[in-house]
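By convention here, the first residue in the shown sequence is residue 1.
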Amino acid sequence: MYQLYSEAVTTFNVKNTSSAAVDITKIVTSNSRVKATCSPMTIPAGGTAVVSVSYATDFVGRFTQAVYLYATDDDKPLALQIMGNVFFNLKDAYERQGMQNDADDFGVNFGPLTLKTDNIEFDYVNDGDIVSTTIAVTNNGTENCQPNLLHLPPYLSVEASPKVLRPGRRGFLTITLDSRKLNHNLGLTQDVVYVSSYEGESVSKEREIPVSIVLFDTATVERSNRAPAIELSTDELVMPRSGRSKVKGMVTITNAGSSDLIIRSLQVFNPSINVSLPKTVIAPGESVNMKVTVVNKYRDLSSARSRVLMITNDYRRPVVLVSVK
């Protein structure tokens, strides 16, 4: 896993198994953001060389790149492959990985099926990407089930594996998002789908799962030495339940950069949260307070996580998520 706008670096040891020296005559990379060097360029018989590879992580999501080494009198290159996943925030990535690793320890019941989650989230989707997420599902009933999701919007599709899930067995639902079919409005898109255990089953409120998609566009964010830089007093606002009908909190937003910080979009995931911001253009060195209010009686209306979303013109953090707990 890598942080956005960092550099992914790795090395390969290449061994010459022939009985003569081999000259590396050309190094070709699959992308201009991939750089590679080989030392030495002449590998003696039985010797080794070190190929150093770096990749500029300018885009969020999974990447697969290659380096091709051409040797003397050999038209077929040696291909070296690098793979990884780029995130805006590595802390969020490790927390999400931990949740996936602990999937056996919890679940949400939908009739005879138990899913590892009761919401579907696609965070940090670059406009135009096609991305997938997988949900583990277990049949805790006594009959075969056909796990599925109903009332999918046009931009979502689902595939069950296996299609028929026997009692006591675990399978997976793979949900794929085609962001090209969204309306291209940057920020939060929300919808609901319904869990189905059998073919022809009708939908009900008890089988509802919210879907949240955070869409952004890296190409619209300009990188500059004079760019704005958003800083928050906290990324996790703790607001305990109380006997009061509403709980209020505050997050201070500071522009530590050299040009105006623009909050292009301000949205919430859960209907229990209300936010207000006195201004959406914050000058360099200026701070403003974002007021957050949680209405306690609405906290359980949706299983969508309690979060606040900001889309900004800070190229380092074009998407900012604040958890409300």
Side-chain angles (χ1 to χ4, degrees), residues 61-62 85 87 92-125 129-179 181-182 188-215 268-273 298-307 309 321 323-325:
R62 297 186 182 276
N85 205 352
F87 294 87
D92 291 346
Y94 284 118
E95 287 179 351
R96 185 176 295 273
Q97 185 183 59
M99 291 171 60
Q100 292 172 346
N101 292 340
D102 295 338
D104 291 336
D105 299 333
F106 68 95
V108 183
N109 295 325
F110 296 90
L113 298 179
T114 297
L115 275 64
K116 76 171 185 180
T117 183
D118 58 356
N119 63 82
I120 299 171
E121 297 173 352
F122 290 94
D123 289 345
Y124 311 131
V125 178
D129 284 354
I130 300 175
V131 295
S132 297
T133 187
T134 301
I135 298 176
V137 54
T138 303
N139 181 0
N140 291 319
T142 58
E143 300 178 352
N144 289 347
C145 289
Q146 295 173 277
N148 200 4
L149 297 177
L150 305 179
H151 288 205
L152 292 174
Y155 49 80
L156 291 181
S157 60
V158 64
E159 182 175 353
S161 178
K163 295 186 182 300
V164 177
L165 192 60
R166 290 186 289 173
R169 297 297 182 91
R170 163 171 287 193
F172 298 92
L173 291 173
T174 300
I175 303 98
T176 299
L177 163 67
D178 187 345
S179 68
K181 297 181 180 179
L182 288 168
L188 180 65
T189 297
Q190 290 186 299
D191 219 314
V192 293
V193 297
Y194 299 86
V195 177
S196 171
S197 305
Y198 309 102
E199 187 174 355
E201 190 173 23
S202 59
V203 302
S204 65
K205 177 69 176 178
E206 293 74 23
R207 296 175 178 269
E208 180 180 286
I209 291 185
V211 178
S212 301
I213 300 159
V214 176
L215 186 70
V268 298
F269 288 72
N270 194 293
S272 66
I273 301 175
Y298 295 143
R299 280 198 174 194
D300 299 324
L301 283 183
S302 172
S303 58
R305 283 200 289 170
S306 298
R307 297 189 293 175
L309 164 70
L321 293 173
S323 297
V324 180
K325 296 185 176 182

Next item on the list: Would you check, one step at a time, whether the test salt bridge (charged side-chain N to carboxylate O under 4.0 Å, His left out) holds for R166 with E143?
Entry: CA-CA 7 Å; R166 290 186 289 173; E143 300 178 352; over 6 Å; no
Next item on the list: Locate the shortest heavy-atom distance separating L165 from V137; write the atom from each residue and the value.
Entry: CD2-O, 3.8 Å
Next item on the list: Give the minimum heavy-atom separation between L173 and P147, together with the two atoms involved.
Entry: CD2-O, 3.8 Å
Checklist line | Under 3.5 Å donor-acceptor, T176 side chain and S157 backbone | finding: no
Note to self: Tell me whether N109 contacts the main-chain N or O of G111 through its side chain, where contact means a donor paired with an acceptor under 3.5 Å.
What the structure shows: no
Check: Do the numbers put R307 on top of the ring of F269, so that NZ or CZ is under 6.0 Å from the six-membered ring centre and no more than 45° off the axis?
Finding: yes
Drop me the distance from [X]'s [atom1] to [Y]'s [atom2], to the nearest 0.5 angstrom.
{"X": "T138", "Y": "L113", "atom1": "OG1", "atom2": "CG", "value": "8.5 Å"}
{"X": "L182", "Y": "D129", "atom1": "CG", "atom2": "CG", "value": "11.0 Å"}
{"X": "N144", "Y": "K163", "atom1": "CG", "atom2": "NZ", "value": "15.0 Å"}
{"X": "R207", "Y": "S196", "atom1": "CZ", "atom2": "OG", "value": "7.0 Å"}
{"X": "D123", "Y": "I213", "atom1": "CG", "atom2": "CD1", "value": "10.5 Å"}
{"X": "I120", "Y": "L156", "atom1": "CD1", "atom2": "CG", "value": "7.0 Å"}

Any side-chain heavy-atom pair of [X] and [Y] under 4.5 Å:
{"X": "S212", "Y": "L188", "value": "yes"}
{"X": "I209", "Y": "F110", "value": "yes"}
{"X": "F122", "Y": "T133", "value": "yes"}
{"X": "Q190", "Y": "V211", "value": "no"}
{"X": "N139", "Y": "R169", "value": "no"}
{"X": "Y155", "Y": "T189", "value": "yes"}
{"X": "L150", "Y": "V193", "value": "no"}

Check: Do you see a donor-acceptor pair shorter than 3.5 Å between the side chains of T114 and N140?
Finding: yes
